[in-house]
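Below: one structure, written as structure tokens.
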Amino acid sequence: MEAENKMSFSFLFKVFGRAFDWFEVIVLSLGVFCLATLVIVNVFARTFFVSIYFVEELTELLVVLITFVGVSYGVRKARHIRMGAFFDAMNPKMQKVMIIIICTISAVVMFLLSSYAFSYMSTARTMSHRTPALRLPYWTFLAIIPLGFFSAGVQYVRTIIKNLTVPEVWLSPEQQGEYEAEELQQLAEKFEDMAEEMVEEMKELEDTDKSGQHPPMA
């Protein structure tokens, strides 16, 4: 029974993480694409016709969207700033304790910032502020901020749960420790394969040159 509960919890953990992954990747990809498209279209419009009056507001919204969804994405992929010089010098037990403490403090900070951002958004909604160009409710521009902070806090909580349930040290719910070494190893293997292919191609060229040579005429 306990094993079944553990398997079901692990399955829900993976499903939850995959849902977050899809949401963040889709939002970030579409956000960057739309931002680049708007800027390029506005440059052409300003050069040949008239500047699009609402582009500035939309780009502001997209920048806010990308920034605060990116906070959660960075935490989930362990791409946030960390004191690697001190952390990597510790033994695995101390690393696990430190990562749990760091994630706990970070999660509390993220949830507090989410609460403050939600209060600010509620105030803007109560005061009925609108954007000058599109006349949209200004609070819609701010809605992603508490959501982004809250998502980052959830990722820190997931990291704590991951480190409490497995013996290895995990920097995030999806990234184990020493990810730099893993990436360097993958790059080394890739360059090794490329070097072997280049050597084989050079040998083939040499064989072709030798077979194409003719004896000198007397």
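Residue numbers count from 1 along this sequence. Because only heavy atoms are used, hydrogens play no part in the values below, and waters and symmetry mates are left out as well, while side chains stay in.
Taking hydrophobic clusters as Ile, Leu, Val, Met, Phe, Trp and Tyr residues chained together by side-chain heavy-atom distances below 4.5 Å, Val108 does not share a cluster with Leu147. Follow the hydrophobic side-chain contacts under 4.5 Å out from Val63 and you reach Leu142 in the same cluster. No path of Ile, Leu, Val, Met, Phe, Trp and Tyr side chains, each step under 4.5 Å between heavy atoms, connects Phe33 with Leu62, placing them in separate hydrophobic clusters. By the rule that hydrophobic residues join a cluster once side-chain heavy atoms approach within less than 4.5 Å of another member, Tyr116 and Phe68 end up as members of separate clusters. Linking ILVMFWY residues whenever their side-chain heavy atoms come closer than 4.5 Å, directly or via other members, leaves Tyr156 and Leu112 in distinct clusters.
Note that the SG atom of Cys103 and the CD1 atom of Ile161 stand 11.0 Å from one another [nearest 0.5 Å]. One distance of note links CE of Met110 with CZ of Phe150; it measures 13.0 Å at 0.5 Å rounding. Taken to the nearest 0.5 Å, the CG atom of Leu58 stands 11.5 Å off from the CG atom of Leu65. Within the model, atoms CG of Asn163 and CD of Gln95 stand 10.0 Å from one another, a figure rounded to the nearest 0.5 Å. Atoms CE and OG, on Met127 and Ser122 in that order, are 13.0 Å from each other to the nearest 0.5 Å.
Looking at heavy atoms from C-beta onward, Glu168 lies out of side-chain contact with Lys96 at the 4.5 angstrom threshold. The shortest side-chain heavy-atom distance between Leu171 and Thr159 does not fall under the 4.5 Å cut-off. In this structure the side chain of Pro137 never reaches within 4.5 angstrom of the side chain of Arg125, judged on heavy atoms.
Under the side chain to side chain contact (heavy atoms under 4.5 Å, CB included) test applied with Tyr73, the options Ile66, Leu28, Val27 reduce to a single match, Leu28.
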**Item:** side chain to side chain contact (heavy atoms under 4.5 Å, CB included) between Val69 and Ile144, intermediate numbers included
**Value:** CA-CA 8 Å; Val69 174; Ile144 193 60; 3.8 Å; yes
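Remark: the backbone N or O of Lys162 is paired with a side-chain donor or acceptor of Thr165 at under 3.5 angstrom. Without hydrogens or angle criteria, Thr59 side chain to Glu56 main chain gives a donor-acceptor distance under 3.5 Å. Between the side chain of Asn42 and the main chain of Leu38, no donor-acceptor pair closer than 3.5 Å is present.
Ring centroid separation for the pair Phe149 and Phe111 does not come in under the 6.0 Å cut-off.
In plain terms, the two heavy atoms of Ser72 and Ser151 that are nearest each other are OG-CB, 3.4 Å. Nearest approach of Pro146 to Met121, heavy atoms of both residues: CG-SD, 4.4 Å.
Annotation: Glu57, atom CD; neighbour count of heavy atoms from other residues, nucleotides and ligands within 6.0 Å is above 12.
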